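Structure record follows, encoded as structure tokens.
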Number of protein chains: 4
Amino acid sequence: MDIGMIGLGKMGMGMAQRLQRDGHRVVGFARSAGTRARAQEQGIEPADSIEVLVHVLQPPRALWMMVPAGDVVDQTLAILSPLLSRGDTIIDGGNSNYKDTLRRGKSLSETEIDYIDCGTSGGVWGLDQGYSLMIGGDEKATNRLRPLFATLAPAPDKGWGRVGPMGAGHFTKMIHNGIEYGLMQAYGEGFALMRHKKAFALDLHQIAQIWRDGSVVRSWLLDLTATALAKDPQLAGIAPYVADSGEGRWTVNEAIDLDVAAPVITLALLQRLRSRDPDSFSDKLLAAMRQQFGGHDIRHE
Amino acid sequence: MDIGMIGLGKMGMGMAQRLQRDGHRVVGFARSAGTRARAQEQGIEPADSIEVLVHVLQPPRALWMMVPAGDVVDQTLAILSPLLSRGDTIIDGGNSNYKDTLRRGKSLSETEIDYIDCGTSGGVWGLDQGYSLMIGGDEKATNRLRPLFATLAPAPDKGWGRVGPMGAGHFTKMIHNGIEYGLMQAYGEGFALMRHKKAFALDLHQIAQIWRDGSVVRSWLLDLTATALAKDPQLAGIAPYVADSGEGRWTVNEAIDLDVAAPVITLALLQRLRSRDPDSFSDKLLAAMRQQFGGHDIRHE
Amino acid sequence: MDIGMIGLGKMGMGMAQRLQRDGHRVVGFARSAGTRARAQEQGIEPADSIEVLVHVLQPPRALWMMVPAGDVVDQTLAILSPLLSRGDTIIDGGNSNYKDTLRRGKSLSETEIDYIDCGTSGGVWGLDQGYSLMIGGDEKATNRLRPLFATLAPAPDKGWGRVGPMGAGHFTKMIHNGIEYGLMQAYGEGFALMRHKKAFALDLHQIAQIWRDGSVVRSWLLDLTATALAKDPQLAGIAPYVADSGEGRWTVNEAIDLDVAAPVITLALLQRLRSRDPDSFSDKLLAAMRQQFGGHDIRHE
Amino acid sequence: MDIGMIGLGKMGMGMAQRLQRDGHRVVGFARSAGTRARAQEQGIEPADSIEVLVHVLQPPRALWMMVPAGDVVDQTLAILSPLLSRGDTIIDGGNSNYKDTLRRGKSLSETEIDYIDCGTSGGVWGLDQGYSLMIGGDEKATNRLRPLFATLAPAPDKGWGRVGPMGAGHFTKMIHNGIEYGLMQAYGEGFALMRHKKAFALDLHQIAQIWRDGSVVRSWLLDLTATALAKDPQLAGIAPYVADSGEGRWTVNEAIDLDVAAPVITLALLQRLRSRDPDSFSDKLLAAMRQQFGGHDIRHE
């Protein structure tokens, strides 16, 4: 079927290509002319503006937003929604906060444009392996888009599903990412322990490879770990600085709102914050306190 | 090749069967006559005692211990090692603490019996899917046993390897299990959060299934989670009581010894301890303190 | 000086009494006639309504709100602010979220009524020992109220101060309570460990008493702990259920917003959440997973 | 009464002085001649060797060891115990692991020399303010030493006590220090949060001072915090590097052995470990994983 893709970044471009390869007609908009040119080389019809994008598609249209979460989504909706009409569907496939999704969906509900939230996992590997899609919103609208989901997912009947009403897709993706933080941190800690056990001189890449087959800890993140360690088991040149894109902190806040203790997901987030604060004031104060009560030496910077 | 298997519990029996199916001659010892009878039905030659087991095997022998970690290993070695001679090999395939392994290996080193530690992962699924094997000890001895490892592993060249000198196998398995604790806890917390989000009425089994294909959090533990949730997404009747078999606590102790912070693995262990302490004295004292300073009501038992 | 106290709960009543005892004229409003009668017995002039309260005070008036944080503050302000005029001062002495304080103060700024936020610590002991006051807002208005602060504090020049502009008082109080969570949890855990060390049959009350003099861990919370343990070192009948009044979770959210890892304060909050979730779904799922991969027994409820 | 003090470091010297000032005869041994000379200036009789120390005291002797925990205690006992006889008492006032104390006490039990373990808190302030003493061991022996404890403690009947049999003193001190870790970390985190809230430009020293009177978080550690912040509220020049002297890690290990979750004490220790590992391999691996799955940029060192 026809689909308009708004946003052709790492994720959006990959999804557009996967759809195009499977026979869908994909019209794509990106602000950068260079990006649009690259899209065209992949068989994606470029559109110079959102207006053009809407214009070249026949109603009922499907418009898939794959733009950075936050203001850009609101700005895109402000342009897009006046151009659409009853029966058209907007899909937010990005990492929006599900509370924003609820607000946006409510605001769109008067227009009779369908608004679907689709949590999308898979990263840069999704183009080839398919994406995992967690969909929230109207059931009929979801069914209309079935051909798209079937193409984007790893298999037509696998890796995607409507998980609930509006917001449920982004909520589920948020939890997915919270879990991801915990998983990553668990591997990170385990490999760090092995690296520090000098006496055994362990080959971390070899161990990651061994674990990939038959072990209880085998996973896709372990596969990626093995790939990263294959390049350089010392990870030389990589700074111990871990960014976060927001979903982890939303998960922690949500857990607290729900009165559910999620200590491992929470600590995984806090370790990322800590990785970006090398000059911890808390640690300085502890050193100062120890000097106060015990006369212990402090290290000077 | 010929192999003597000491211990035919869930793990030992599965390994013995996998070896036998692949054409190895497996002689098995278990204390229980019933267990030995079941082993015999699977094509395993039963031995009534460790003495008999050793007697029916030709030197150089390979003796695989698959017994509970701790005293039973020492007791087994006390019986076994005087019966063996130079060139024979003992493999400890259980979850022994690597420090015990170092002690035992050192004690055996005078006998010229080879002592191999093999961390074994895969659980009850290993029989069919193969086991992940992390091997420590002498390189020549490891090479002699290659046919066994190739059979036990998921594929002859996958899922097993010699990771270092004596103790390195059990050390690596310990870390493996520490990571496992963290992974499990991350999934547990994430699914608990989804369950508590009543507004979305999420189907946890469906979500686990969706995530199995294409998502960043796909893993074997997620596969098992999906299976568990398929039986009953409410997990009704299962007590919130999580046992531990020791390797998690060794990992935490090791992390502290190595001066490496492993907060997620550590917290994952502590949550298990907490699950077994429903009458937390700490929580009682906090309730009592709050009453003291704020006049806050306490709940009575 | 004259002061109108709105809210005569545990905190408000104690503060009104402390002010009255020191010679201030205190007019008090509470919704309950019984509460007003009790206040009158303590020398506090009762007012049947906020209107009456404002009416009996001479401008420039000082109105101290000591009501539950949240909607009640907004409702009180909706009644109170139209009755006041330039030069009057409203003090919010409760545990308001500093973000609400900023919003309210901004909304009041057009009225030229001064709005002061005063974080108040000391609990039910403040009446006799004095309260610790963390004040935010206009400097002149704070100075005008100096006689009140000097009375409420443990000493005229101790235990109180203007810490910054509007919101800074409640912010500081929020952090104070976050620290309090961490301190309480540290004591709770330590005493729980001693209780579980059966071999030494430690007398927890005696140890709390010993620590009160000369030790590094001496504190007011330890004093209260000793009092609680004096009544019953077993804390029999007290449920392991720890409530929270919101400031801990705000602190955790703030820490995440500030990109500062505060793991101990965070974990202290999570333990409280955990204390109220005896039927942890996460723990159930872990038990189910262990059964899946290892064939481990689960406990049935 | 007469007392021999072995070890005249920061703690031992302070204790010797406090005893001497109160009229006890104190003979002191330190390996360094300079230290012995300084002790002599304080009225402490210097002894050139442990042999001399024992010789100049009349039986029944009291010998107080105030030496670094670990091997030095064993070495000191190896010299000391053959010189003593029935009725003499050795006190270990240092931070020995209670398990070592049990071992040493057992080994001494055949000699009929009494062995007392005395956990000592108070740091460099103890000389003036008195020490908190947690005593384990024989009740009669403890009673014989009562004059010493009464002098060392902040008051004759306060801040000290026999808490249980041999080992109980050091056990209690270990828990004390575990709690101390948690308390310190709670303050550290809270002050760090205030420092990062730039909008309020909070004066951390002022806030520490305010909290010292009347607040729920008042404590001796807060007093020290105020002192440290008075010198420099920026803590400039102090490295964010927090040492630990072992008791925290013993507490964490003990908690795990006791199956008691102590997350706040545990995390407080882990933060210290983290403060000393600026080049976290775990963080590097997470950055590498994010690059693998999301194509996220990594920072280069």
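Just so we're on the same page: letters track the sequence lines, and every chain starts at 1. None of the values given here were measured: they were computed from a predicted structure.
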Option in B/Gly237, B/Gly122, B/Gly126 with maximal non-hydrogen atom pairs under 4.5 Å from chain C
B/Gly237

Chain B shares the most heavy-atom pairs under 4.5 Å, among C/Arg272, C/His296, C/Met11, with C/Arg272

From C/Met289 CE over to B/Leu222 CG, what is the distance, rounded to the nearest 0.5 angstrom?
8.5 Å

Heavy-atom pairs under 4.5 Å with chain C, option from B/Phe293, B/Trp125, B/Tyr187 with the top count
B/Phe293

Would you mind checking which part of B/Asp232 comes under 4.5 Å of any heavy atom in chain C, side chain (CB onward), backbone (N, CA, C, O), both or neither?
neither

B/Tyr181, part contacting chain C, at a heavy-atom distance under 4.5 Å
neither

Options B/Gly190, B/Ser245, B/Ala243, B/Ala228, ranked by heavy-atom pairs under 4.5 Å with chain C, top entry:
B/Ala243

From the list C/Ser275, C/Gly123, C/Ala287, the residue making the most non-hydrogen contacts under 4.5 Å with chain B is C/Ser275

Between C/Arg195 and chain B, with a heavy-atom cut-off of 4.5 Å, which part of the residue counts as in contact: side chain, backbone, both or neither?
side chain

Okay, C/Leu224 and chain B: the region with an atom under 4.5 Å from a heavy atom over there is both

In terms of heavy-atom pairs under 4.5 Å, which option from B/Ile238, B/Asp279, B/Asp297 contacts chain C the most?
B/Ile238

For C/Pro278 against B/Pro240, the heavy-atom pair lying closest together:
O-CG, 3.7 Å

Check each atom of C/Glu180 against the heavy atoms of chain B and say whether the ones under 4.5 Å are side chain, backbone, both or neither.
side chain

Can you tell which part of C/Arg274 gets under 4.5 Å to a heavy atom of chain B, answering side chain, backbone, both or neither?
both

Heavy-atom pairs under 4.5 Å with chain C, option from B/Leu286, B/Val242, B/Thr227 with the top count
B/Leu286

Pairwise side-chain contact, B/Leu267 with C/Leu267, heavy-atom cut-off 4.5 Å (strictly under)
yes

Tell me whether the count of non-hydrogen atoms from other residues, nucleotides or ligands lying under 6.0 Å of CZ in B/Arg21 goes above 12.
yes

Side chain / backbone / both / neither for C/Leu193 at chain B, heavy atoms under 4.5 Å:
neither

In terms of heavy-atom pairs under 4.5 Å, which option from B/Thr225, B/Asp283, B/Ile298 contacts chain C the most?
B/Asp283

Under a 4.5 Å cutoff for heavy-atom pairs, which residue among C/Ser282, C/Ala236, C/Ala192 has the most contacts with chain B?
C/Ser282

Top contributor to chain B contacts, counting heavy-atom pairs under 4.5 Å, from C/His196, C/His300, C/Lys10, C/Arg290:
C/Arg290

Tightest non-hydrogen contact, residues C/Ala288 and B/Leu235, listed as CB-CD2, 4.2 Å

Within this structure, what is the CG-CD distance for the pair B/Leu221 and C/Gln292, rounded to the nearest 0.5 Å?
10.5 Å

To the nearest 0.5 angstrom, please state how far the CZ atom of C/Phe281 sits from the CE atom of B/Met194.
9.0 Å

